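Have a look at the structure below before the remarks.
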Amino acid sequence: MLDPKLLRADLDATAARLAVKGYTLDVARFQAMDASRKALQADMEALQNERKLGSKEVGALMKAGDTAGAEAQKAKMSAIGDKLDSAKAQFDALAEELNQWMMEIPNLPHPSVPEGQDENDNQELRVVGTKPEFDFEPVDHVTLAENMGGVDFEKAVAVSGSRFAVLAGQVARLHRALAQFMLDTHTQEHGYQEAYVPYLVQSQALLGTGQLPKFEEDLFKTDSDHYLIPTAEVPLTNLVRDSIVEDLPQQWVAHTPCFRSEAGSYGRDTRGMFRQHQFDKVELVWLTRPEQSWEALETLVSHAEAILKKLGLHYRVVNLCGGDLGFGAAKTYDIEVWLPGQQNFREISSCSNTEDFQARRMQARTRNEQGKPEYLHSLNGSGLAVGRCLIAVLENYQLADGRVAVPEVLQPYMGGLTHIG
RNA sequence: GGAGAAGUGGGUGAGUGGCUGAAACCACACCCCUGCUAAGGGUGCAAGCUGUAACAGGCUUCGAGGGUUCGAAUCCCUCCUUCUCCGCCA
């Protein structure tokens, strides 16, 4: 959520910044709502004050033995009470309307975010490594994994429908090895605290991180009013909701499945396991003091990159343009890995600083140097998407005979195996 | 799932209808005293909204939501959570 003060103090400038993100702020509507909010609040508070003082008067009159006076005063206060009830009802209704409207306004982009409409306008920052050379025609992960009996899409369809996969044998093991390797690297080399978190969360957690109220259609919901997490960012970031945290920064890592209904993306990436309703991800979350978050974003990206470097995968880092930025992000770096099966760079990690956008929704605060509470900053990034990383390893390490070499760093997690298939 | 107890400020914890936004203690900050250390004394210290040049002032908030009342942390109802005991269970 944006700082309401920003809207009151600098409405036009704020609208201009939101426009970079492709969001049109309804300036007139805000001004109208805020003006009546102010008037209603003043009315209501005046009545509350009148009642408070008048009610004390009742007590004083009774103590003085003036029963008749007290009764008369009671009657007067009763009338004030009725007026107050209606003033309060009006105020509450408007405050709720304003709040709902505010909850659907995206975060402001950082000044370093390039302008642009979509992913074509993203800014490539660096390309790391080189494309693997093959002296044969490389195939995609579907062909590779199916040929070694490591994936079965038909069985998955039979069990769960489209956009699910069943992994088997050494491919399933490689998938597990990747997650373990990532978790170990982040906890042992990058200073993260490992967490095991709930996969089912309540709506308020999703409101906190910004998936709700706007993006309900992307989520799976249970009939017990829980939602399946679309990312571990939700439970991890909400670890500090409704609290004042003084020991910052905190770095959390968790390996979880993620569930996305991907409404609106039918027809995209239908082949293979690139886009699934369920996938595993190792998620990194930072909670920082406000002045630390931009440096933390650079560090966070470097941690995600470290995994790709250790795996020897070719990738690039892009700075998302305004139009491609997510709802809560002030700035996002996507990491895209090279997939020989698609002859393309594809997203494998997304690292964002939300500044105080999520913190304000969660009421997550720290204390500044004067000891005053202020919203902390939250960041999140994939370190990495495990399923997509599996695809990358299979396709980049494929051999002419259909087998796949196991990257050296993964071999300890594979019982020393150097090849699968 | 059954029975009982409890939810108050950063923490512990008083408070059963107006004098309580809330005692006391701890933590924290500043000051004083004390030649280290330890200890002692004083002051301040919830948040949000509103308001002010800045103070002041006003309103809200004692798990959540309803209700009773002129007035609710305090009484009533519903819900949630935590703890203890029992049952069940990976």
Side-chain angles (χ1 to χ4, degrees), chain A residues 1-9 30-31 33-103 196-208 222-227 235 238-248 250 256-257 287 289-290 356-376:
Chain A
M1 191 155 78
L2 296 184
D3 187 347
K5 286 188 189 123
L6 214 53
L7 291 176
R8 289 187 202 119
F30 173 75
Q31 284 173 326
M33 278 195 294
D34 199 50
S36 29
R37 190 222 88 231
K38 215 165 175 169
L40 286 171
Q41 184 167 344
D43 288 354
M44 181 181 72
E45 290 186 357
L47 286 167
Q48 280 170 331
N49 182 237
E50 198 173 339
R51 184 185 67 175
K52 186 175 169 183
L53 297 176
S55 293
K56 280 192 179 171
E57 188 61 22
V58 175
L61 288 167
M62 286 173 81
K63 217 170 252 179
D66 182 357
T67 317
E71 287 305 321
Q73 181 69 3
K74 275 193 195 179
K76 261 168 83 182
M77 287 308 109
S78 189
I80 299 281
D82 291 343
K83 277 163 84 177
L84 180 57
D85 283 346
S86 82
K88 187 166 162 31
Q90 280 185 64
F91 175 80
D92 287 348
L94 183 67
E96 180 53 27
E97 187 187 344
L98 222 164
N99 185 53
Q100 279 185 15
W101 182 76
M102 295 275 299
M103 287 292 272
Y196 171 79
V197 293
Y199 303 157
L200 290 169
V201 296
Q202 293 179 328
S203 60
Q204 68 168 9
L206 290 150
L207 284 165
T222 71
D223 60 9
S224 62
D225 267 339
H226 287 99
Y227 293 85
N238 276 282
L239 248 26
V240 291
R241 77 160 23 254
D242 289 326
S243 57
I244 296 179
V245 191
E246 308 210 30
D247 60 321
L248 294 177
Q250 293 184 9
T256 70
L287 304 160
R289 310 193 57 77
D356 63 8
F357 186 83
Q358 294 179 325
R360 183 170 287 106
R361 291 167 161 250
M362 291 189 301
Q363 290 299 307
R365 294 171 296 176
T366 184
R367 290 187 186 279
N368 65 18
E369 282 174 9
Q370 290 77 45
K372 285 287 165 200
E374 62 180 358
Y375 293 114
L376 52 78

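On a predicted model such as this, the values are computed, not experimentally measured, just so you know. Proteins come first, then strands; the chains are lettered A, B, ... in the order of their sequence lines, and each starts at number 1.
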| request: Nearest-nucleotide wise, let me know which of A:D3 and A:E57 is further upstream toward the 5' end of RNA chain B. | output: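 Between the two, 5'-proximity favours A:E57.
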
| task | By nearest nucleotide on RNA chain B, pick out whichever of A:M44 and A:Q41 is the more 5' one. | result | A:Q41

What nucleotide, of [options], holds the atom closest to the side chain of [X]?
{"X": "A:R51", "options": "B:C49, B:C70, B:A47", "value": "B:C70"}
{"X": "A:R365", "options": "B:C70, B:U50, B:G48", "value": "B:G48"}
{"X": "A:I244", "options": "B:C70, B:G10, B:G51", "value": "B:G10"}
{"X": "A:Q48", "options": "B:G58, B:U60, B:G18", "value": "B:U60"}

Would you kindly give the [atom1]-to-[atom2] distance between [X] and [N], to the nearest whole Å?
{"X": "A:D247", "N": "B:G10", "atom1": "CG", "atom2": "P", "result": "16 Å"}
{"X": "A:R8", "N": "B:G51", "atom1": "CZ", "atom2": "C1'", "result": "13 Å"}
{"X": "A:R367", "N": "B:A27", "atom1": "CZ", "atom2": "C1'", "result": "11 Å"}
{"X": "A:K83", "N": "B:C70", "atom1": "NZ", "atom2": "C1'", "result": "15 Å"}
{"X": "A:Q363", "N": "B:A64", "atom1": "CD", "atom2": "P", "result": "14 Å"}
{"X": "A:K74", "N": "B:G17", "atom1": "NZ", "atom2": "P", "result": "16 Å"}
{"X": "A:D43", "N": "B:U50", "atom1": "CG", "atom2": "P", "result": "16 Å"}
{"X": "A:D225", "N": "B:C79", "atom1": "CG", "atom2": "P", "result": "16 Å"}

Take atom [atom1] in [N] and the same atom in [M], then report the distance between them in whole Å.
{"N": "B:U8", "M": "B:C31", "atom1": "C1'", "answer": "31 Å"}
{"N": "B:C77", "M": "B:U52", "atom1": "P", "answer": "45 Å"}
{"N": "B:A5", "M": "B:C59", "atom1": "C1'", "answer": "36 Å"}
{"N": "B:G1", "M": "B:C79", "atom1": "P", "answer": "12 Å"}
{"N": "B:C28", "M": "B:A39", "atom1": "P", "answer": "12 Å"}
{"N": "B:C45", "M": "B:A22", "atom1": "P", "answer": "10 Å"}
{"N": "B:G35", "M": "B:C25", "atom1": "C1'", "answer": "32 Å"}
{"N": "B:G71", "M": "B:G57", "atom1": "P", "answer": "26 Å"}

Is there a Watson-Crick or G-U wobble partner for [N] with both distances under 3.5 Å, and which nucleotide is it?
{"N": "B:U82", "result": "B:A5"}
{"N": "B:U68", "result": "none"}
{"N": "B:G35", "result": "none"}
{"N": "B:A90", "result": "none"}
{"N": "B:G17", "result": "none"}
{"N": "B:U52", "result": "none"}
{"N": "B:U43", "result": "B:A29"}

| message | With a 3.5 Å distance limit and no angle check, can you tell me whether A:N238 reaches the backbone of A:A205 through a side-chain donor-acceptor pair? | response |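 At least one qualifying donor-acceptor pair exists.
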
Looking at every strand, decide which applies to [X] at a 4.0 Å heavy-atom threshold: base, sugar-phosphate, or nothing.
{"X": "A:M62", "result": "base"}
{"X": "A:R360", "result": "nothing"}
{"X": "A:K38", "result": "sugar-phosphate"}
{"X": "A:Q73", "result": "nothing"}

| remark: So the salt bridge (Lys or Arg N to Asp or Glu O under 4.0 Å) pairs with at least one residue in residues 39-62 of chain A (sequence neighbours excluded) are none

Do the non-hydrogen side-chain atoms of [X] and [Y] ever get within less than 4.5 Å of each other?
{"X": "A:V201", "Y": "A:H226", "answer": "no"}
{"X": "A:Y375", "Y": "A:P290", "answer": "no"}
{"X": "A:Q250", "Y": "A:V240", "answer": "yes"}

Please report the interatomic distance [atom1]([X]) to [atom2]([Y]), rounded to the nearest 0.5 Å.
{"X": "A:E71", "Y": "A:M62", "atom1": "CD", "atom2": "CE", "value": "7.5 Å"}
{"X": "A:E246", "Y": "A:T366", "atom1": "CD", "atom2": "OG1", "value": "6.0 Å"}
{"X": "A:R360", "Y": "A:L2", "atom1": "CZ", "atom2": "CG", "value": "7.5 Å"}

| task | Taking only the side-chain nitrogens and oxygens of A:N49, find out if one of them lies under 4.0 Å from OP1 or OP2 of B:C59. | result | yes

